[in-house]
Amino acid sequence: MGDLPAENDFDVAIIGAGAAGLATACAMALEDLNIICFDKTFGFDGQKTGDTRTIALLQNSVYLLQNLGVWEDCLPFAEPLNIMKVIDDTGRFPPVPDASFDASELGTDPFGYNIANDRLVSILAQHARRTPNITLFETDHVAHIENLATKAIVTPFEGQPVTASLVVGADGANSLARRSADITTTDWSYNQTAIACWFSHSLPHKNISTEFHRTSGPLVLVPMQGNKCGLVWVETPEQAKRLLALDEKGFKQHLNDAIHGTLGELLDVSKRSSFPLSGLVANRFGKGRTVLVSHAAHVLPPIGAQGLNLGLRDAAMIADIACKAHIRAMDPGGAEIIAQYDELRRADIMSRTFTVDFLNRSLIDGWFPPLQATRAIGVQLLKLIPPLRKAVMREGIAPQNNLPPLMHSR
Ligand SMILES: Cc1cc2nc3c(=O)[nH]c(=O)nc-3n(C[C@H](O)[C@H](O)[C@H](O)COP(=O)(O)OP(=O)(O)OC[C@H]3O[C@@H](n4cnc5c(N)ncnc54)[C@H](O)[C@@H]3O)c2cc1C
């Protein structure tokens, strides 16, 4: 370690430049931390990526992007989400009434905005590229990470090792950073596959996001610009395979049936991609000199737009803690910082993981009348009691406690 030149020494090494890794880099760069970020590519410069996911960014994630100075670049590509509808399409008894949540009940801002994932990543990457204290290091992959007492050593596949005080694992579900820090996980799979694409339609979406709860899982329509919707359609793997194999006409027919014709005639459909659904939660969110953010720390099924929103809260939290440590001339990867991050993120990550897993299983795990009755009563109470409805809406957007400062509106 002592042999490495000083220019190879960084305050923070971020492994992975998806939305979470790049947001962490941009947030930490607000203080003069010296940051290096590793990945194969940094944004996509308008090329076709094959990533057909759109991301519903909830209010506090939008505030984060505003505070990072990238929201103005996102806005031309983002569509507001004003109303969220949940429709029980399980056909089970007792029927659960439809529920509709209107953001105007909470104030003036929409619940959030929907944007293509590859667009968001590209905008964050452009911002990182323009930021002097962020080095973007292109490598096929980081091959080795060693957590030592005073520094971590990060070795890219085809380059020289660098040292860093803190390692941020933003390297997705199969995280090398997690394995290198010897952090174990609890993981599970669902017998479900999500199909993601977007499509245009003849009737206006009116900025309503609709979640159909079906016995195979949710089917979610999220408004996009230009009278389009992003689609996340969860099915059994066998049915997903059949839907993916259909030609465009056949797929549109099945989709129109599934959404009961609510968007009129279905027009262009993008390429369809599929994601086998699984769940994962790390048993610790930091160890050695490494912390985990986003998919490296937790993977959830796509219900209620929780995944990346949770990941961005991780990003904003570690940035806040590391920047404060830096201001106080403390080691940003010291044991105190790692323990603080683990403690501050635990309640949010564990409660969201449990809730989303429960909601998903309550749809697919067969008909259990008491559960169905509980859902029916719960939704009825939400409809009848505005303060309860508002509290649930607020908590659905983000936890009310321990929100990092960068996630507040300025
Ligand atoms: C169909 C679908 C719809 C979704 N919709 C929403 C939504 O509406 N709202 C929401 O909040 N969430 C949503 N999610 C979840 C969201 O997509 C994920 O939470 C988010 O993309 C995770 O981002 P990430 O940066 O953690 O990981 P990734 O995007 O997986 O990025 C990880 C990065 O790490 C890099 N990497 C991996 N290993 C290495 C290595 N060894 N060295 C260097 N780099 C490495 C990879 O190349 C990659 O760029 C959805 C998910 C699905 C499947």
Side-chain angles (χ1 to χ4, degrees), residues 13-25 36-44 49 51-58 60-62 81 84 111-118 120-122 124-125 136-145 154-159 167-180 190 192-198 209 211 217-224 230-235 240 272-278 280 292-315 352 356 397-398:
I14 298 175
I15 322 298
L22 288 166
T24 309
I36 185 164
C37 186
F38 296 92
D39 208 322
K40 239 189 234 43
T41 50
F42 295 92
F44 307 102
T49 63
D51 184 353
T52 50
R53 267 174 304 174
T54 65
I55 299 287
L57 290 169
L58 299 176
N60 301 83
S61 299
V62 172
L81 309 175
M84 294 207 179
F111 283 120
Y113 287 78
N114 193 35
I115 186 168
N117 187 54
D118 57 2
L120 174 66
V121 172
S122 292
L124 283 164
L136 298 180
F137 190 105
E138 248 174 59
T139 170
D140 185 71
H141 61 276
V142 166
H144 194 251
I145 303 167
V154 177
T155 311
F157 177 62
E158 59 290 83
V167 173
V168 177
D171 48 347
N174 187 27
S175 165
L176 171 77
R178 190 179 64 225
R179 282 179 276 125
S180 304
Y190 301 98
Q192 290 171 304
T193 296
I195 298 173
C197 65
W198 57 260
S209 176
E211 203 161 294
L219 184 160
V220 191
L221 302 173
V222 198
M224 290 173 76
L231 170 73
V232 180
W233 187 350
V234 177
E235 275 293 350
R272 291 158 246 163
S273 30
S274 65
F275 301 83
L277 294 195
S278 59
L280 174 150
L292 305 177
V293 299
S294 195
H295 263 188
H298 44 77
V299 178
L300 315 174
I303 294 188
Q306 295 296 320
L308 183 62
N309 287 289
L310 189 58
L312 292 177
R313 295 203 285 279
D314 302 336
R352 304 272 152 178
V356 170
I397 293 172

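Read the numbers this way: they start at 1 and go in the same order the structure lists the ligands and their atoms. Numbers here simply count residues along the sequence, with the first being 1.
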Counting only nitrogen or oxygen atoms and a 3.5 angstrom limit, does [X] reach ligand 1?
{"X": "S294", "answer": "yes"}
{"X": "G21", "answer": "no"}
{"X": "A56", "answer": "yes"}
{"X": "N309", "answer": "yes"}
{"X": "A194", "answer": "no"}
{"X": "H141", "answer": "no"}

[X] side chain vs [Y] backbone, donor-acceptor pair below 3.5 Å:
{"X": "R179", "Y": "N174", "result": "yes"}
{"X": "T155", "Y": "A143", "result": "no"}
{"X": "N117", "Y": "I55", "result": "no"}
{"X": "N309", "Y": "L58", "result": "yes"}

**Request:** Return a yes/no value: protein heavy atom under 4.0 Å from atom 31 (O) of ligand 1?
**Result:** yes
Mark up the atoms of ligand 1 that fall under 4.0 Å of a heavy atom belonging to [X], in ascending order.
{"X": "V142", "answer": "40 (C), 41 (N), 42 (N), 43 (C)"}
{"X": "A170", "answer": "32 (C), 33 (C), 34 (O)"}
{"X": "F38", "answer": "43 (C), 44 (N)"}
{"X": "G307", "answer": "10 (C), 11 (O), 12 (N), 19 (O)"}
{"X": "G172", "answer": "32 (C)"}

Any idea which protein heavy atom is nearest [atom], and the distance to it?
{"atom": "atom 13 (C) of ligand 1", "value": "I55 CD1, 3.7 Å"}
{"atom": "atom 27 (O) of ligand 1", "value": "H295 CB, 4.1 Å"}
{"atom": "atom 29 (O) of ligand 1", "value": "G18 CA, 4.1 Å"}
{"atom": "atom 25 (O) of ligand 1", "value": "A20 N, 3.2 Å"}
{"atom": "atom 45 (C) of ligand 1", "value": "D171 CB, 3.9 Å"}
{"atom": "atom 12 (N) of ligand 1", "value": "L308 N, 3.0 Å"}
{"atom": "atom 52 (C) of ligand 1", "value": "R53 CD, 3.5 Å"}
{"atom": "atom 49 (O) of ligand 1", "value": "D39 OD2, 2.6 Å"}

Working to the nearest 0.5 Å, report the span between [atom1] of [X] and [atom2] of [Y].
{"X": "D39", "Y": "L136", "atom1": "CG", "atom2": "CG", "value": "10.0 Å"}
{"X": "F137", "Y": "I36", "atom1": "CZ", "atom2": "CD1", "value": "6.0 Å"}
{"X": "C197", "Y": "L231", "atom1": "SG", "atom2": "CG", "value": "4.5 Å"}
{"X": "D171", "Y": "R178", "atom1": "CG", "atom2": "CZ", "value": "8.0 Å"}
{"X": "L292", "Y": "H298", "atom1": "CG", "atom2": "NE2", "value": "9.0 Å"}
{"X": "I195", "Y": "L219", "atom1": "CD1", "atom2": "CG", "value": "9.0 Å"}

**Item:** Considering all heavy atoms, the nearest V234-A194 contact
**Value:** CG2-CB, 4.1 Å
**Item:** Heavy-atom side-chain contact between F275 and R53 under 4.5 Å
**Value:** yes
**Message:** Do E158 and T139 have side chains that approach each other closer than 4.5 Å (heavy atoms only, starting at C-beta)?
**Reply:** yes
**Request:** Would you check whether A19 reaches within less than 4.0 Å of ligand 1, judged by its heavy atoms?
**Result:** yes
**Prompt:** Backbone, side chain, both or neither: what part of S61 comes under 4.0 angstrom of ligand 1, heavy atoms only?
**Reply:** neither
**Message:** My understanding is that we take every heavy atom of each candidate and find the minimum distance to atom 5 (N) of ligand 1. Doing that for V232, T52, T54, D51, which one comes out nearest?
**Reply:** T54
**Asked** Side chains of S273 and T52: donor-acceptor distance under 3.5 Å anywhere?
**Response** yes
